[in-house]
Amino acid sequence: TFEEQFMNSFEQPYVHEPITKLNSERLMILPFLVELDGGKKLCITEADLEDYPGMFLNNSTDKPALKPVFAPYPKVKKQGGHNNLQMLVEEREDYIARTSGTRAFPWRVFVVSEDDKQLADCDMVYRLASPCRLQDVSWVKPGKVAWDWWNDWNIYDVDFRAGINNETYKYYIDFAAEHGIEYVILDEGWSVNMAADLMQVIPEINIPELVNYGKSKNVGIILWAGYHAFDRDLEKVVKHYSDMGVKGFKVDFMDRDDQEIIDFLYRGAETCAKYKMMVDYHGICKPTGLQRTYPNVINYEGVHGLENMKWAANTYDMPLYDVTIPFVRMVAGPMDYTQGAMRNAIRKNYAPVYTEPMSQGTRCHQLATYVIFESPLNMLCDNPSNYNREPECTEFIADIPTVWEKTVALDGKVGEYVALARLHGDNWYVGALTNWDAREIELDLSFLGDGNYKLELFKDGINADRAACDYKKEIIPVPADRKIKVKMAPGGGWVAKIYK
């Protein structure tokens, strides 16, 4: 039923079907991409979603027609779900929103492209959002994060027992400091399980000690928080950890987009801003521009990210998804895909391994996602031990910025490949991804203008179709004609830094 689907992680993979063939019993999440005649595309989403439920789409006729569906307002709820951290709706009202007086309603956004690559560089949602409500945003610091959960705290070559404890997190902090990575996250496990109380910390963790240790090395601490544990005493929790020196929260498992949850997103952002705390919303719908209104909202999930490779069946096609989301999900805004795997597998060799996960596709595919995917707070998902064995790739990832002054969409076709160039300071970064088809494309770098440039590139190795970790690094001059050929292995990628 639709009621069951209103409880939603918003992480579903895409289907590519005629609208009339879509399952009429299923809701479609936004953004939703429609193929039009003549190579045009129509991307449907929404912006400035405030004090109102999010929109789903459904096709229940034999005509190519879509109708909007909204989750009704919650009437009866109970605590439960993942580790007792969610509020489960048992009964809903017969209306979708409570509102009064004159107000602005959310924008329904229709982005039409003549060329697929235009969708990969679209800021329409951001432009339609309400302007910034903060007087000072100088304390909002995007950056990279050494992340613990994907790699299951599975470090090695150490003389202590790895796990959710201070010794392990000091190791992560040391790694971050060595590579200029701005943050370390304490994901789920630092607070007492099933208590849904963020003031109860397990005895193995001393947060003030970790904050001070990180501060001594210029590394900030971010804390994971389940939705109900965070919201039940919001201001007390935020003030407590802000006073301690924590830099922000990753809030997870809302898993709804009815009016009540959308109101929480704004309330959480406003409260965190009051105490100069950043917030990364997980377990939530697509962004609708809240990061413009409250710039301390630094990232969103709402994406079928790399975490799914810990358990997804080997039939799932992640490289296909990776060259689809830049034209669909990324139209809505930033996405916390959580890339950076150093264990990489060709299609036939991939297997889901929860404690030692791997990615599908080549090493260069992983590297290029740091340029292709918009992600102002971007994870290094693998463990420090694996990164230490790959210093060349680690140094390159750690050096890539997470925010950009300009983007140039170079080439792309939905579900096949994508290539983008992004500017930060004086340096350009260029990335390209392909699906499971080996591919050669020519990139036009004429956006560089006059001058002599060098190109530090990582490309798929000659054996990357057999051994996904195979890559080659080169430093070459940018050709005078500004044209460069890019060859990618199946599931491959290509990435470069361009500098004078």
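These figures come from a predicted structure and were not determined experimentally.
Shown here is N218, whose CG atom has no more than 12 heavy atoms of other residues, nucleotides or ligands within 6.0 Å. Within 6.0 Å of CZ on R127 lie no more than 12 heavy atoms contributed by other residues, nucleotides or ligands. Other residues, nucleotides and ligands contribute over 12 non-hydrogen atoms within 6.0 Å of the CD atom of Q12. Shown here is R267, whose CZ atom has more than 12 heavy atoms of other residues, nucleotides or ligands within 6.0 Å.
Contact check for F10 versus D257: side-chain heavy atoms found under the 4.5 Å cut-off. At a threshold of 4.5 Å between non-hydrogen side-chain atoms, the residues H282 and V251 do not count as touching. By the 4.5 Å heavy-atom criterion applied to side chains, S191 and L198 are counted as neighbours. The shortest side-chain heavy-atom distance between P352 and P357 does not fall under the 4.5 Å cut-off. Put simply, the side chain of N435 does not reach to within 4.5 Å of the side chain of D322, judged on heavy atoms. Looking at heavy atoms from C-beta onward, V238 lies in side-chain contact with F230 at the 4.5 angstrom threshold. At least one side-chain heavy atom of L223 sits under 4.5 Å from a side-chain heavy atom of I221.
Nearest heavy-atom pair, S385 versus Y171, reported as atom, atom and distance to 0.1 Å: OG-OH, 3.7 Å. Minimum interatomic distance between M330 and M335 (heavy atoms only, all atoms of both residues): SD-CE, 3.7 Å. Scanning all heavy atoms of the two residues, the minimum distance from Y172 to W153 falls at OH-CA, 3.6 Å. Shortest non-hydrogen contact noted between C469 and N344 is SG-OD1, 3.4 Å. When all heavy atoms of G340 and Q366 are compared, the pair lying nearest together is N-OE1, 2.9 Å. Annotation for F373 and P326: closest pair CE2-CG, 4.1 Å, computed over non-hydrogen atoms.
Between Y14 and Y321, the ring planes are parallel. Angles under 30° get that label, and only those over 60° would be called perpendicular.
Aromatic ring centres of Y227 and F253 lie farther apart than the 6.0 Å criterion allows. Ring centroid separation for the pair H424 and Y429 does not come in under the 6.0 Å cut-off. The aromatic ring centroids of F70 and F56 lie 6.0 Å or more from each other. Y337 and H304 have their aromatic ring centers separated by at least 6.0 angstrom.
A donor-acceptor contact under 3.5 angstrom links the side chains of D197 and Q200, judged on distance only. Side-chain contact, S375 with N299: a donor N or O sits under 3.5 Å from an acceptor N or O. Defined by atom type and a distance below 3.5 Å, a donor-acceptor pair is missing between the side-chain atoms of D255 and S9. Checking D252 against W224 by side-chain atom types alone, a donor-acceptor pair falls below 3.5 Å. Looking at H82 and E188, their side chains do bring a donor and an acceptor atom within 3.5 Å of each other. A side-chain N or O of N83 and one of N193 form a donor-acceptor pair less than 3.5 Å apart. In the model, T355 has no side-chain atom that pairs as donor or acceptor with a side-chain atom of N154 under 3.5 Å.
The OH atom of Y241 lies 11.5 Å from the CG atom of D243; values are rounded to the nearest 0.5 Å. Note that OG1 of T168 and CD of E204 are 10.5 Å apart. Values are rounded to the nearest 0.5 Å. Here the straight-line distance linking atom CG of D280 with atom CG of D336 works out to 4.5 Å at 0.5 Å rounding. Rounding to the nearest 0.5 angstrom, the gap separating the NZ atom in K239 from the CG atom in D233 is 12.5 Å. Distance OH/Y183 to CD1/I298: 7.5 Å, rounded to 0.5 Å. Rounding to the nearest 0.5 Å places CD of E25 at 6.5 Å from CZ of F2.
With respect to E4 and R92, no salt bridge is recorded, no charged nitrogen being found less than 4.0 Å from a carboxylate O.
Y471 does not carry R363 over the face of its six-membered ring by the limits of under 6.0 Å from the centre and within 45° of the normal. Taking the ring centre of W139 as origin, the terminal cationic atom of K247 falls outside the region bounded by 6.0 Å and 45° from the ring axis.
Among T338, N383, N378, D187, the single residue meeting the side chain to side chain donor-acceptor pair (under 3.5 Å) criterion with W147 is D187.
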Between R98 and Y95, is a side chain to side chain donor-acceptor pair (under 3.5 Å) present by the stated rule, with each step listed?
CA-CA 8 Å; R98 297 172 173 171; Y95 53 83; 3.0 Å; yes
As a quick check of understanding, evaluate salt bridge (Lys or Arg N to Asp or Glu O under 4.0 Å) for R161 and E167, giving each step before the final call.
CA-CA 8 Å; R161 183 66 176 172; E167 284 183 303; over 6 Å; no
Chi angles and distances behind the salt bridge (Lys or Arg N to Asp or Glu O under 4.0 Å) call for K472, E456
CA-CA 11 Å; K472 186 174 182 181; E456 177 187 351; over 6 Å; no
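In this view, R103 and D51 satisfy the salt bridge (Lys or Arg N to Asp or Glu O under 4.0 Å) rule, not counting sequence neighbours. With sequence neighbours excluded, the residues forming a salt bridge (Lys or Arg N to Asp or Glu O under 4.0 Å) with D399 are K497, listed by chain and number. Applying the salt bridge (Lys or Arg N to Asp or Glu O under 4.0 Å) test to R256 and every residue at least two apart in sequence or in another chain returns D258, E260.
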